[in-house]
Amino acid sequence: MEEELIQIKNSAVSLILDAKDKRELDDLKIRFLGRSGRLTLAIRELSKLPKEKRPEIGRLANEVKNTIEETIFEKESRLTKQRSQKLKEKIDITIPGIKPLIGHLHPLSQVLYNVIDVFKSLGFQTADGPEIETDKYNFGVLNFPKDHPARDTQQTLFLDTHNSKHTPGETILRTHTSTMQGRIMEKIKPPFRVIVPGKVFRYEQTDSSHGFEFWQFEGYAVDKNITFTDLMGTLDYFVRKFFGESTKIKFASHNFPFTEPSLEGYVSCVVCKEKGCNFCKQSGWVEVLGGGMIHPNVLNNVGIDPSRWQGFAFGTGLSRLATLKFQMDDLRLLTNPDLRILNQF
Ligand code: PHE
């Protein structure tokens, strides 16, 4: 018995010292000290020994148990130390870290906030409205009679009203943000100054300068004694603040059913400074907006007395402004989600 205990101790200690990792050590613990481990079984045999021998052998068995436990403990802490040492060698704290990707505002949003800032400084409020519209606000209120040829210029997309309670042709995708003239003027009393940025839709073939869905923003002001030159001055101020002080604006007469008189605005090409380039189709100027004095019929339609109040309104393509500002040669880049493109702006 004595010899067996000593043998158990020697083989346990040498195996423990040779253990390569924690797993091997755990196995050894079970093999010697577990419920059917070698030492446990040997201790159980003690009861078979003659009574006078038991205390002495018992003491030895205890010593063997303590030695095995201590060796395991020491080995365990040595293995842990070795592991953390190895880990330390693996981490090179001098290697530069991985930079997290930082996003930025989409070019259209940058332009949008820019526009809002300029008009805010002129006392304009910003409003928002629905993209799915009714004939009434897109055309009716704006002085487009039902069979007026000017409706054709709007290349309207109609919603399918099949099996619904809507009258065919009445529900559409808004073709311009001018819809918000009626919606807002019906609700608030003059004087007011409002801009409305938003998405509009037209049945249009897409190419580098046209899209079936694009951004516009509308601006209008109603007050006493507002004149056509207030409109021109406001637009001139906006263009200089938005594109830079040296940018020029010129106007040509135009026609819209909802403004009288009406104008079209062109800005000097930001790329070639009026010399002529591909961007401005060699003309030196780019068309960016339409506007005019709000037609008395429109004011009447929303319950504002045109003999007491006057107003101007204008609408401009926000997407067009963005491509000009960033000198993008294709409008479609604005709806392209490729980060390699977006990161350039
Ligand atoms: N809504 C017109 C368009 O989309 C622009 C415009 C707005 C013209 C306001 C006059 C006044 O072409």
Side-chain angles (χ1 to χ4, degrees), residues 108-131 133 137-138 141-143 174-200 215-245 247 249 251 254 256-267 288-322 325:
L108 254 175
S109 305
Q110 293 177 40
V111 166
L112 176 65
Y113 293 140
N114 221 211
V115 166
I116 292 175
D117 278 350
V118 176
F119 281 97
K120 210 170 165 186
S121 72
L122 293 174
F124 283 73
Q125 286 174 286
T126 310
D128 195 12
E131 288 168 2
E133 258 301 353
Y137 290 109
N138 203 84
V141 174
L142 294 171
N143 200 32
R174 70 174 171 196
T175 62
H176 51 184
T177 41
S178 303
T179 51
M180 289 301 286
Q181 287 191 28
R183 280 191 179 273
I184 290 182
M185 288 200 279
E186 260 180 2
K187 289 206 186 85
I188 55 174
K189 298 248 163 314
F192 48 74
R193 296 171 204 179
V194 184
I195 60 164
V196 186
K199 225 193 304 185
V200 300
W215 282 73
Q216 278 194 337
F217 81 92
E218 189 83 3
Y220 49 90
V222 175
D223 206 332
K224 291 205 162 115
N225 305 321
I226 287 219
T227 66
F228 206 40
T229 47
D230 290 324
L231 169 63
M232 290 175 170
T234 305
L235 293 173
D236 177 54
Y237 176 82
F238 163 66
V239 158
R240 279 186 290 113
K241 283 282 168 264
F242 183 76
F243 288 114
E245 281 301 327
T247 314
I249 186 162
F251 301 106
H254 202 69
F256 297 104
F258 42 101
T259 47
E260 183 59 37
S262 306
L263 55 73
E264 237 179 5
Y266 297 78
V267 292
V288 289
L289 57 91
M293 297 305 287
I294 300 178
H295 198 292
N297 286 356
V298 176
L299 292 176
N300 272 326
N301 287 342
V302 294
I304 294 175
D305 180 359
S307 64
R308 290 183 57 213
W309 303 98
Q310 299 82 48
F312 66 67
F314 62 88
T316 161
L318 199 67
S319 306
R320 175 73 60 88
L321 292 183
K325 178 130 183 166

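Please read all numbers here as calculations on a predicted model, not as lab measurements.
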Pair I184-Y220, side chain to side chain contact (heavy atoms under 4.5 Å, CB included): steps then yes or no: CA-CA 11 Å; I184 290 182; Y220 49 90; 3.3 Å; yes

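- Taking each heavy atom of R174 and P130 in turn, the nearest pair found is NH1-O, 3.3 Å.
- A distance-only check finds a donor-acceptor pair linking the side chain of Q310 to the backbone of N225 [under 3.5 Å].
- Minimum interatomic distance between P197 and I116 (heavy atoms only, all atoms of both residues): CG-CD1, 4.4 Å.
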Residues L142, Q181; criterion side chain to side chain contact (heavy atoms under 4.5 Å, CB included); working and verdict: CA-CA 8 Å; L142 294 171; Q181 287 191 28; 3.8 Å; yes

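- The two residues V222 and P190 come nearest to each other via the heavy atoms CG1-CB, 3.7 Å.
- Going from atom CZ of F243 over to atom CG of N114 covers 9.5 Å, rounded to the nearest 0.5 Å.
- Here the OG1-CG distance, from T316 to L321, works out to 4.0 Å after rounding to the nearest 0.5 Å.
- Rounding to the nearest 0.5 Å places CG of D223 at 6.5 Å from CZ of R193.
- Between P306 and N300 the shortest side-chain heavy-atom distance falls below 4.5 Å.
- Listed for the E218 side chain is no donor-acceptor partner under 3.5 Å among the backbone atoms of V196.
- Ring geometry, F124 versus F312: the interplanar angle falls from 30° to 60°, so the pair is classed tilted.
- Atom-to-atom distance recorded for E264:CD and H254:NE2 is 4.5 Å, nearest 0.5 angstrom.
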Worked check of ring-ring contact (aromatic ring centres under 6.0 Å, His included) between F217 and F242: CA-CA 14 Å; F217 81 92; F242 183 76; 8.4 Å; no

Criterion side chain to side chain contact (heavy atoms under 4.5 Å, CB included) on L231 and L263, from CA distance to verdict: CA-CA 10 Å; L231 169 63; L263 55 73; 3.9 Å; yes

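- Remark: the backbone N or O of T177 is paired with a side-chain donor or acceptor of Q216 at under 3.5 angstrom.
- The side-chain heavy atoms of I226 and M293, taken from C-beta on, include a pair separated by under 4.5 Å.
- Put simply, the side chain of F119 reaches to within 4.5 Å of the side chain of T234, judged on heavy atoms.
- Remark: side-chain polar atoms of N143 are paired, donor with acceptor, to backbone N or O of P257 under 3.5 angstrom.
- Aromatic rings of F258 and H176 (six-membered ring for Trp) have centroids within the 6.0 Å cut-off, being under it.
- The minimum heavy-atom distance linking G291 with F256 is given by the pair N-CE1, 3.7 Å.
- A 4.5 Å side-chain heavy-atom check between M185 and L299 finds at least one atom pair inside the cut-off.
- Side-chain N or O atoms of N138 include one that pairs as donor or acceptor with a backbone N or O of T175 at under 3.5 Å.
- Taking NZ of K199 as the start and CG of L318 as the end, the distance is 12.5 Å to the nearest 0.5 Å.
- Between L108 and S319 the shortest heavy-atom distance is CD2-CA, 4.2 Å.
- In plain terms, the two heavy atoms of R240 and T247 that are nearest each other are CG-O, 3.5 Å.
- Within a 6.0 Å radius of CG in D305, more than 12 heavy atoms belonging to other residues, nucleotides or ligands are found.
- For the atom pair CH2 (W309) and NZ (K189), the distance works out to 10.0 Å, reported to the nearest 0.5 Å.
- Qualifying side chain to side chain contact (heavy atoms under 4.5 Å, CB included) partners for E186, counting only residues two or more places apart in sequence or in other chains: K136, Y137, V302.
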